Amino acid sequence: MKRVAILISGSGSNMVALAGSMTGDHPARPVLVVSSVPGAGGLAKAEAMGLATATVDHRRFGADRAGFEAALGAALAPHAPDILCLAGFMRILTPAFTAHWAGRMLNIHPSLLPKYPGLHTHARALAAGDAEAGCTVHEVTADLDAGPVLGQARVPIMAGDTPDSLASRVLEAEHRLYPAVLRRFAAGDRTPLHLP
Ligand code: GRF
């Protein structure tokens, strides 16, 4: 049974989808939810699911990324995770940290990578006049939002869409894609999954 730690910074809806999926014959179980932001909405949701939680307040470290990551590592160690899932975790990790967790760390990004790495993905897709948008689960490497793709889900862009209306349609797809990819990944299957 694989042990999964979920890293968040915000409302935690992907965390709820992931943790809720790891039951029955799933090859993994959630062991910790850790937030980089004190009081993030996802922490209360994790506690309500009976999960262990921790907070490593990134503001305490300012520009000291290595210091933040050492504290993050100390929070993770007692739970001995095999896999890290970044779920709305808004910190850029150093090459040292990504190398340490190479092949064992996933992230969800709200665009069809390699299109629109970084922020404001929905506004950029609308500004470009794209017909579709979506989300991507990828392995995390030192190159931001550029690691091997493990899964994608596409959604149509509708007339009159705003970044918010598109974001909520993409978020629904995220909640289907991330659990499906994690189940395969935890079973050792890295072949890319494409959801309709
Ligand atoms: C999601 O859209 C995710 O793709 C992005 O941040 C958002 C987090 O949402 N990185 P939540 O905290 O999981 O609800």
Side-chain angles (χ1 to χ4, degrees), residues 4-22 28 30 32-49 51 53-58 72 83-93 97-98 101 105-127 130 132-158 161-183 185 192-195:
V4 176
I6 306 171
L7 282 61
I8 67 169
S9 300
S11 65
S13 70
N14 276 290
M15 178 278 298
V16 170
L18 288 171
S21 74
M22 288 186 259
L32 178 70
V33 173
V34 56
S35 176
S36 64
V37 175
L43 288 170
K45 293 174 185 164
E47 281 144 20
M49 297 175 82
L51 298 172
T53 63
T55 297
V56 180
D57 184 352
H58 71 93
L72 180 58
I83 299 170
L84 301 188
C85 285
L86 309 187
F89 182 71
M90 303 307 281
R91 305 306 302 164
I92 296 176
L93 297 163
F97 191 90
T98 57
W101 286 97
M105 186 159 51
L106 311 182
N107 181 44
I108 184 136
H109 182 78
S111 80
L112 295 170
L113 293 170
K115 290 185 92 169
Y116 313 126
L119 300 174
H120 314 304
T121 58
H122 308 303
R124 292 154 70 191
L126 290 169
D130 291 355
E132 64 175 9
C135 52
T136 303
V137 176
H138 62 93
E139 286 188 51
V140 178
T141 64
D143 300 325
L144 185 67
D145 300 332
V149 169
L150 295 167
Q152 290 191 315
R154 295 167 185 274
V155 303
I157 294 181
M158 312 277 207
D161 257 335
T162 64
D164 286 348
S165 64
L166 184 54
S168 59
R169 192 173 311 119
V170 171
L171 200 56
E172 283 171 19
E174 293 180 39
H175 298 162
R176 289 186 290 115
L177 179 68
Y178 212 172
V181 169
L182 175 61
R183 178 183 270 271
F185 187 83
L193 172 67
H194 293 280
L195 291 186

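All ligand and atom numbering here is 1-based and tracks the order in the structure. Just so we're clear, the structure is a prediction, and the values are computed from it rather than from any experiment.
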I need the nearest protein heavy-atom contact for [atom]: residue, atom name and distance, please.
{"atom": "atom 9 (O) of ligand 1", "answer": "N14 ND2, 4.0 Å"}
{"atom": "atom 10 (N) of ligand 1", "answer": "I108 O, 3.7 Å"}
{"atom": "atom 7 (C) of ligand 1", "answer": "G88 CA, 4.3 Å"}
{"atom": "atom 3 (C) of ligand 1", "answer": "E174 OE1, 3.3 Å"}

**Study point:** Donor on one side chain, acceptor on other, H109 and T121, under 3.5 Å
**Key:** no
Check your understanding: Is there a donor in the side chain of T98 and an acceptor in the side chain of T141, or the other way round, less than 3.5 Å apart?
Key ->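 No, no side-chain donor-acceptor pair sits under 3.5 Å.
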Check your understanding: Do you know which of H175, K45, E172, E174 makes side-chain hydrogen bond (donor to acceptor under 3.5 Å, both in side chains) with S13?
Key -> H175
Exercise for review: Nearest 0.5 Å please: distance from the NE2 atom of H122 over to the CG atom of D164.
Suggested key: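 Spacing of NE2 (H122) from CG (D164) equals 9.0 Å.
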Check for me whether [X] has a heavy atom closer than 4.0 Å to any atom of ligand 1.
{"X": "I8", "answer": "no"}
{"X": "G12", "answer": "yes"}
{"X": "S11", "answer": "yes"}

Practice item. Within a distance under 4.0 Å of any heavy atom of P110, pick out the atoms of ligand 1 and give their elements. Key: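 Those of ligand 1 that fall under 4.0 Å from P110 are 4 (O).
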Practice item. Determine, stepwise, if the pair M90 / L7 fulfils side chain to side chain contact (heavy atoms under 4.5 Å, CB included). Key: CA-CA 9 Å; M90 303 307 281; L7 282 61; over 6 Å; no
Check your understanding: Does some side-chain heavy atom of L166 sit less than 4.5 Å from a side-chain heavy atom of V155?
Key ->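 Yes, at least one pair of side-chain atoms sits under 4.5 Å.
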Exercise for review: Please say whether H109 places an N or O atom under 3.5 Å from an N or O atom belonging to ligand 1.
Suggested key: no
Review point. Where does N107 meet ligand 1, judged by heavy-atom distances below 4.0 Å: at the side chain, the backbone, both, or neither?
Key: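 Neither; no heavy atom under 4.0 Å.
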Review point. With the threshold set at 4.0 Å, does a side-chain nitrogen-carboxylate oxygen contact exist between R124 and D130?
Key: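 No salt bridge links R124 with D130.
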